[in-house]
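Written below as structure tokens is the structure these notes are about.
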Amino acid sequence: MTESTVEQQIAALRCEIDEHNYRYYVEDEPSVPDAEYDRLFQQLLQLEQQHPQLLIASSPSQRVGAAALGSFQQVQHEVPMLSLDNAFNDQDLVDFDRRVRDRLKLSDDYPIEYGAEPKLDGIAVSLLYEQGQLVRGATRGDGAVGENISLNVRTINAIPLQLRGTDWPQRLEVRGEIYLPKAGFDALNARMRASDLKEFVNPRNAAAGSLRQLDSAVTATRPLTFCAYGFGVVEYAEGQNRLPDSHTQLLLQFKRWGLPINPEMASLNGIQACLDYYQQLAAKRASLGYEIDGIVYKVNPRALQQQLGFVARAPRWAIARKFPAQEEITRLLDVDFQVGRTGAVTPVARLEPVFVGGVTVSNATLHNMDEVERLDVRIGDSVVVRRAGDVIPQVARVVLERRPDGACIVELPQACPVCGSQVERIEGEAAARCSGGVSCSAQRKQAIKHYVSRKAMDIDGLGDKLVDLLVDKGLLQQLADLYQLQHPQVAGLDRMGDKSADNLLASIELSKQTTLAKFLYSLGIREVGEATAGSLARHFLTLDAIIAADEEDLQQVSDVGPVVAQHLQLFLQQPQNLESIRALTAAGVTWPEVKVVSAEQQPLAGRSFAITGKFEAMARPDAKARLEALGAKVTTGVPTAKTDALIAGAKAGSKLAKAQALGIEVWDEAKLLELLQAGDSTL
Ligand code: IVH
């Protein structure tokens with residue numbers, strides 16, 4: 001090959017790789033599979049190795065990291081990197097708008113246009129481009145002096161080494177945030193765990209740690225990304241276009257130059273629109289792929305920004321409206337132990353009440369003793385409590401530096417706190433269990449609550465409080481006692497009248513007519529959910545056959561594995577459980593014979609579905625099992641041309657795109673439920 005054709009080939013490869021990077025990081029629409037990208041990259045590396053004289057600094061191959069530095073050099077910022085004032089509630093934001101219009105002497109009915117974008121929780125950086133080439137990356141430092149992290153910055157694929165187009169100012173300092181998306185954070189921590197290294201506490205720390213590496217080869221292995229939100233120095237050559245004159249237009253221009261910007265950014269007219277945007281983004285916060293800690297509002301026209309100017313360390317034309325913190329520190333006052341339906345004895349943290357993630361938290365589950373040991377949490381400790389989105393509050397970690405003298409080790413009680421039976425901790429199992437079975441009133445209460453619940457026997461009007469009361473009064477010693485309840489006993493209870501007692505007894509009576517699948521599910525056997533109960537009923541047809549089955553027989557059922565089979569056996573061999581079942585049927589609980597349906601007769605025989613995303617009404621494996629029970633073929637893999645429809649729940653990603661590309665029908669959860677109901681009426 002001649003030099004010039006190699007040169008062309010290398011240039012073409014660089015161009016193509018840059019283009020894929022742009023599609024991936026800026027457009028957020030990957031154009032080729034990862035494998036194809038890797039192949040191009042390898043090709044480029046090879047050619048450059050063979051022709052080192054053709055290497056240039058802006059080649060995508062030059063991102064892989066360079067020799068380790070002894071220390072970072074200082075960088076004096078030509079334009080200081082400021083911080084932002086904070087607003088903690090709507091009123092603070094309204095006050096900000098007031099101050100802005102007072103300064104600008106604007107009348108009340110003249111709305112100010114704001115640019116709004118998420119406040120990313122990462123590390124602020126400055127990227128200097130000269131003639132469109134990245135020449136330096138620096139941290140914010142104290143705002144006046146930062147550190148030169150050029151080598152590290154170059155390893156981040158989202159940061160262009162060369163700006164696209166030609167219409168950029170000859171010198172341009174782009175400012176933005178380097179951050180680690182949630183998925184990247186999880187992957188990084190999984191790697192740290194696998195190598196027995198200390199995990200990072202949150203994405204921000206992980207991003208900071210990754211950027212602070214003196215060895216940029218380490219940074220190169222960290223899935224960091226970047227988002228641009230402003231500029232510092234700008235110098236134009238003669239005849240060059242000025243930057244656009246509003247903030248949001250500037251961001252759109254950045255995007256054209258190949259710099260990623262946040263897709264949630266918006267231009268908003270007036271303060272009310274800003275308040276609304278806050279609500280919208282707050283609702284979306286948990287589902288975003290990266291952590292944000294607020295919203296930044298900026299007066300959009302740059303002419304107005306210039307009029308407003310700066311105070312001390314922050315501009316007058318911008319403000320950060322903070323979300324409620326997702327992590328707070330509080331004190332662990334005590335640890336209680338609760339007993340669940342299956343006897344699991346669960347440690348629960350009693351906390352000094354703390355406002356976190358928008359609610360006041362005073363309890364948090366500690367899951368099990370393994371978790372207590374992992375956290376090394378002691379009573380009296382200061383702990384970090386975390387509540388993200390709708391997720392239940394968690395004790396994330398202990399602030400060891402604040403451990404008081406005499407902090408008390410948490411110990412598993414030897415006796416059940418409810419019934420006094422021995423607590424057992426089985427090798428290999430995380431949960432400790434009360435050995436009391438249904439003689440333990442805590443387990444009995446939970447078993448009854450499960451039995452009467454909607455998806456089980458569906459007894460209306462028998463809420464948790466009432467079950468507690470009935471058990472405490474000694475009226476429910478076992479499940480079958482439900483069917484012996486008498487009107488005067490019920491009507492005499494707290495907050496129950498004649499009418500509600502009538503209704504309750506009527507719905508108890510009604511529940512006697514059930515199906516085998518529901519009855520099985522109602523028994524609350526460990527690992528036997530609705531779908532498994534349905535499969536068991538269809539396979540064995542009668543309860544006696546299920547009771548008679550050994551573990552091997554049980555595993556003939558499609559979604560029964562060794563663990564489920566063992567739980568079933570354990571339950572069905574206990575005399576008190578068999579007695580409980582006998583008492584229930586003797587009390588009149590009954591179900592129609594399960595009909596044998598041949599494969600071809602099943603309502604969804606011969607149909608094939610792909611299923612993806614998250615569903616509200618049931619977990620995805622349950623949805624899959626229920627569709628299969630109706631004869632359908634179901635995959636959780638990628639849909640193909642042979643797929644009849646893709647059933648897509650919330651947050652369906654690439655599979656949805658694939659289905660759309662193939663022109664396959666896409667169904668939502670409502671349609672799924674309709675289908676299941678239509679086919680499922682016999683079970
Ligand atoms: S604008 C003069 N926009 O927040 C304006 N900052 O407290 C300066 N940050 O250190 C910043 N996302 O690291 C701006 N969309 C955004 C931001 C953002 C995150 C950080 C930035 C800065 C801090 C200011």
Side-chain angles (χ1 to χ4, degrees), residues 75 77-88 92-93 96 100 114-127 137-147 149 153 156 158-159 173-181 202-208 210-212 224-234 243 246-252 254-255 259-268 274 277-278 281 284-285 288-302 304-323 325-326:
V75 170
H77 294 297
E78 289 169 62
V79 177
M81 288 183 80
L82 300 174
S83 67
L84 291 167
D85 264 351
N86 290 323
F88 294 102
D92 288 351
L93 204 58
F96 163 74
V100 166
Y114 291 101
E117 65 212 302
K119 186 169 189 296
L120 296 158
D121 206 4
I123 307 298
V125 289
S126 139
L127 305 175
T139 60
R140 175 171 180 274
D142 63 4
V145 178
E147 285 176 326
I149 51 163
V153 157
I156 300 170
I159 295 178
E173 180 195 357
V174 176
R175 292 178 175 177
E177 200 87 350
I178 289 179
Y179 63 101
L180 200 57
N202 58 40
R204 196 195 127 83
N205 272 336
S210 302
L211 268 190
R212 228 182 285 115
L224 293 167
T225 188
F226 172 75
C227 167
Y229 58 60
F231 70 97
V233 183
V234 53
L243 291 175
S246 78
H247 174 68
T248 46
Q249 287 302 322
L250 171 78
L251 293 188
L252 292 173
F254 276 176
K255 185 172 175 181
L259 293 155
I261 59 172
N262 191 285
E264 306 298 331
M265 72 114 169
S267 94
L268 305 168
C274 293
Y277 179 85
Y278 173 86
L281 209 59
K284 256 180 121 167
R285 182 185 186 190
L288 294 174
Y290 43 87
E291 297 222 336
I292 63 177
D293 56 358
I295 295 169
V296 185
Y297 297 96
K298 299 170 185 168
V299 171
N300 210 18
R302 252 217 321 291
L304 297 188
Q305 292 183 1
Q306 270 148 12
Q307 277 185 55
L308 287 160
F310 303 85
V311 271
R313 293 166 58 86
R316 284 202 193 87
W317 44 265
I319 195 155
R321 164 75 155 101
K322 301 292 273 250
F323 287 130
Q326 292 186 320

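When a ligand or atom number is given, it counts from 1 through the structure's own listing order. Given the structure is predicted, the values throughout are model-derived calculations rather than measurements.
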Tell me if a side-chain donor or acceptor on [X] pairs with a main-chain N or O of [Y] at a distance below 3.5 Å.
| X | Y | result |
| --- | --- | --- |
| E117 | M265 | no |
| R285 | I292 | yes |
| R316 | L308 | yes |
| H77 | R140 | yes |
| Q305 | W317 | no |

So if I count the atoms of ligand 1 from 1 in the order they appear, which ones are less than 4.0 Å from some heavy atom of [X]?
| X | result |
| --- | --- |
| P118 | 12 (N), 15 (N) |
| R140 | 10 (O) |
| E117 | 15 (N) |

Notebook entry, point to check: Can you name the closest pair of heavy atoms from S83 and P315 and give their distance?
Noted result: O-CD, 3.3 Å
Check: Can a non-hydrogen atom of P315 be found less than 4.0 Å from any atom of ligand 1?
Finding: yes
Under 4.0 Å from ligand 1, counting heavy atoms only, is it the side chain of [X], its backbone, both or neither?
| X | result |
| --- | --- |
| M81 | neither |
| L84 | both |
| E177 | side chain |
| C227 | neither |
| R175 | neither |

Note to self: For atom 6 (N) of ligand 1, which of the options W317, Y229, F310, Y179 provides the nearest non-hydrogen atom?
What the structure shows: Y229
Margin query: How far is atom 23 (C) of ligand 1 from the closest protein heavy atom, and which atom is that?
Written below: K119 NZ, 3.9 Å
Margin query: For atom 8 (C) of ligand 1, what's the nearest protein heavy-atom neighbour? Residue, atom name and distance, please.
Written below: L82 O, 3.9 Å
Note to self: Do I178 and V153 make a side-chain contact, defined as non-hydrogen atoms from C-beta onward lying under 4.5 Å apart?
What the structure shows: yes
Check: Quick one: are K298 and Y229 in side-chain contact, heavy atoms under 4.5 Å?
Finding: yes
Notebook entry, point to check: Does the N or O separation between L120 and ligand 1 drop below 3.5 Å for any pair?
Noted result: yes
Check: N/O to N/O below 3.5 Å, does that happen between K298 and ligand 1?
Finding: yes
Item checked: Residues D121, Y290; criterion side-chain contact (heavy atoms from CB on, under 4.5 Å); working and verdict -> CA-CA 8 Å; D121 206 4; Y290 43 87; over 6 Å; no
